[in-house]
Number of protein chains: 2
Amino acid sequence: MMPADTLNHMVLDRSPELDRVFHALAHPARREILRRLSDREQNLSELSAPLQMSFPAASKHVRVLERAKLVRRRIVGRTHVCRAEGRPIKRATLWLERYCQTLESNFQRLDALLEELKAHDTK
Amino acid sequence: MMPADTLNHMVLDRSPELDRVFHALAHPARREILRRLSDREQNLSELSAPLQMSFPAASKHVRVLERAKLVRRRIVGRTHVCRAEGRPIKRATLWLERYCQTLESNFQRLDALLEELKAHDTK
DNA sequence: ATGAATGTCAACCATGTGGTTTAATAATTT
DNA sequence: AAATTATTAAACCACATGGTTGACATTCAT
């Protein structure tokens with residue numbers, strides 16, 4: 001028999017990593033940071049400058065991205081250089097694609113059913 | 001010249017729809033609800049039953065999914081039948097894929113640069 | 001007409017989020 | 001040694017989130 005918390009995982013679709021990734025993506029400032037980091041590495045000052053909010057606020061957003069492992073930081077002297085990380089995004093994309101797929105396959109199933117009913121009616 | 005808030009849109013990558021979609025996906029119970037709705041329509045009672053939380057809590061989760069337009073509800077007598085909606089997910093997937101793409105193309109660019117440097121060294 | 005089933009609403013609570021400001025720490029520059 | 005730069009830390013605030021319970025409205029079945 002499966003342990004109880006494994007069952008919970010199944011019923012609640014738990015995945016703290018996915019939680020963190022999607023939550024990180026749910027704020028415009030953080031998507032903006034990612035967009036800029038996808039082009040090139042940038043340190044915190046560069047990242048925060050265009051973000052019409054205080055430096056500490058921007059810094060917190062970066063940390064949310066780090067918790068989700070969407071961003072890694074290496075410290076060079078007094079500057080913290082941030083770099084976008086690809087792996088977790090791919091997991092998220094996978095979830096979405098799998099979801100879309102079952103959705104569509106069931107739409108197709110429904111369409112087929114409707115077709116069949118229509119054919120049956122006109123018979 | 002562009003109006004000021006258009007500029008803000010660009011700098012902050014604003015998109016309330018994306019905000020809502022990603023936020024909706026950031027909770028295990030809501031992903032679970034979606035997973036089940038991707039198979040077939042279900043009413044609130046059916047949805048809430050396996051979710052180890054009170055009925056009103058589950059109902060609130062469904063409403064978060066509705067705000068994000070990931071779920072639509074039609075009322076049939078006393079039951080509220082929920083159905084998964086595909087479009088907004090596709091927008092989110094698109095964002096992720098576009099992001100992944102620029103990320104990878106820049107990794108390739110970096111790799112090319114490194115190759116070039118290496119070649120230069122051994123010359 | 002009663003009663004059970006389905007769902008909403010409102011009030012409440014604890015905790016998280018997103019922002020601020022001010023102060024402190026650490027590395028560079030002058 | 002002093003000033004500047006890059007960043008964290010802490011305290012605070014308003015509001016959102018995620019959950020509960022209890023009371024209410026509708027609809028369906030008996």
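Any value given below was found using the heavy atoms of this structure, including those in side chains, with hydrogens, waters and symmetry copies removed. In what follows, every chain begins at residue 1, and chains take the letters A, B, ... in the order their sequences are listed.
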**OP:** Using side-chain contact (heavy atoms from CB on, under 4.5 Å) as the criterion, list what pairs up with A57(A), not counting sequence neighbours.
**Re:**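 Applying side-chain contact (heavy atoms from CB on, under 4.5 Å) to A57(A) gives M53(A), S54(A).
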
Original post:
Of all residues at least two apart in sequence or in a different chain, which pass the side-chain contact (heavy atoms from CB on, under 4.5 Å) check with R78(B)?
Top reply: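 Partners of R78(B) under the side-chain contact (heavy atoms from CB on, under 4.5 Å) test: none.
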
Let me know the distance between [atom1] of [X] and [atom2] of [N], rounded to the nearest Å.
X	N	atom1	atom2	answer
Q52(A)	dG18(C)	CD	P	16 Å
R30(A)	dG16(C)	CZ	C1'	12 Å
D19(B)	dT17(C)	CG	C1'	13 Å
I33(B)	dG18(D)	CD1	P	11 Å
L47(A)	dT7(D)	CG	C1'	13 Å
L25(A)	dT17(C)	CG	P	15 Å

**OP:** Starting at the 5' end of nucleotides 2-11 of chain C, put B wherever the base has a protein heavy atom under 4.0 Å, S where only the sugar-phosphate does, and a dash everywhere else.
**Re:** --BBSBBB--

Original post:
Residues sharing V81(A)'s hydrophobic cluster, by side-chain heavy-atom contacts under 4.5 Å among ILVMFWY, directly or via others?
Top reply: V76(A)

**OP:** Can you tell me which residue pairs pass the ring pair (Phe, Tyr, Trp, His ring centres under 6.0 Å) test with a partner in residues 61-96 of chain A, sequence neighbours excluded?
**Re:**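 Ring pair (Phe, Tyr, Trp, His ring centres under 6.0 Å) check on residues 61-96 of chain A returns H27(A)-H61(A), W95(A)-Y99(A).
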
**OP:** Could you note down all residue pairs passing salt bridge (Lys or Arg N to Asp or Glu O under 4.0 Å) where residues 52-66 of chain B supplies at least one of them, sequence neighbours left out?
**Re:**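 Every salt bridge (Lys or Arg N to Asp or Glu O under 4.0 Å) pair that includes a residue of residues 52-66 of chain B, provided the two are not neighbours, is E66(B)-R73(B).
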
Original post:
Is there a donor-acceptor pair under 3.5 Å between the side chain of R36(B) and the backbone N or O of L47(B)?
Top reply: yes

Original post:
DNA chain C: S54(A) or H23(A), which has the more 5' nearest nucleotide?
Top reply: H23(A)

